[in-house]
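Not measured: the values here are computed from a predicted model.
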Amino acid sequence: LPILDLMMLREDYRKFCKVIADELPDELLFQAEELQKNYHFNAKIRLKGTKFQTRFLRQFPELEQGLFIDIFPQD
């Protein structure tokens with residue numbers, strides 16, 4: 001399974017979080033601690049309608065768990 005991680009400076013990450021949800025097509029979802037009350041993981045862009053689940057993530061059935069790209073702020 002190919003993996004893709006994106007990293008950006010913290011200032012750019014904050015800007016990104018403010019605009020990304022409105023810019024994504026309907027089949028993609030942005031998840032981030034800054035936007036979702038019960039989400040406490042690194043930010044991700046997920047492909048809706050897919051499934052990528054680990055034993056750990058099975059504990060959180062309420063969260064979307066499709067294929068994803070990780071997004072990390074860098075300080």
Side-chain angles (χ1 to χ4, degrees):
L1 180 65
I3 297 174
L4 177 64
D5 292 341
L6 297 177
M7 295 182 204
M8 58 184 76
L9 296 174
R10 176 75 60 180
E11 181 180 333
D12 294 330
Y13 175 80
R14 287 185 183 124
K15 291 175 189 175
F16 178 82
C17 287
K18 289 179 183 177
V19 300
I20 190 60
D22 293 331
E23 299 295 326
L24 290 175
D26 291 340
E27 64 270 10
L28 297 177
L29 169 71
F30 181 63
Q31 292 175 306
E33 208 169 25
E34 294 83 358
L35 301 175
Q36 291 179 282
K37 186 177 181 179
N38 295 325
Y39 187 81
H40 304 290
F41 307 100
N42 57 293
K44 296 180 182 333
I45 295 176
R46 290 197 184 263
L47 180 59
K48 295 177 186 177
T50 63
K51 193 115 179 149
F52 181 83
Q53 191 177 63
T54 63
R55 272 187 243 158
F56 174 73
L57 288 176
R58 287 186 193 131
Q59 301 174 71
F60 309 98
E62 71 282 2
L63 296 177
E64 178 75 35
Q65 296 185 21
L67 297 173
F68 62 90
I69 295 171
D70 280 321
I71 303 168
F72 297 100
Q74 298 297 302
D75 295 311

Minimum side-chain heavy-atom gap Leu28-Leu47 below 4.5 Å: yes
Listed partners of Glu33 passing side chain to side chain contact (heavy atoms under 4.5 Å, CB included), at least two apart: His40
Co-membership, hydrophobic cluster, residues Phe72 and Val19, 4.5 Å side-chain: no
Neighbour count >12 (heavy atoms, 6.0 Å) for atom CD, Glu11: no
hydrophobic_cluster_shared for Phe30 and Met8, side chain cutoff 4.5 Å: yes
Any pair counted as salt bridge (Lys or Arg N to Asp or Glu O under 4.0 Å), so long as it reaches residues 46-59, sequence neighbours left out: none
Gap separating the CG atom of Leu6 from the CD1 atom of Ile71, nearest 0.5 angstrom: 5.5 Å
hydrophobic_cluster_shared for Ile20 and Ile69, side chain cutoff 4.5 Å: yes
Cluster overlap Met7 with Phe68, hydrophobic side-chain contacts below 4.5 Å: no
Residue pairs, two or more places apart or on separate chains, that pass side-chain hydrogen bond (donor to acceptor under 3.5 Å, both in side chains) and touch residues 64-75: Arg10-Asp75, Asn42-Asp70, Lys44-Asp70, Gln53-Gln65
Rounded distance (nearest 0.5 Å) linking atom CZ of Phe16 with atom CG of Leu9: 13.5 Å
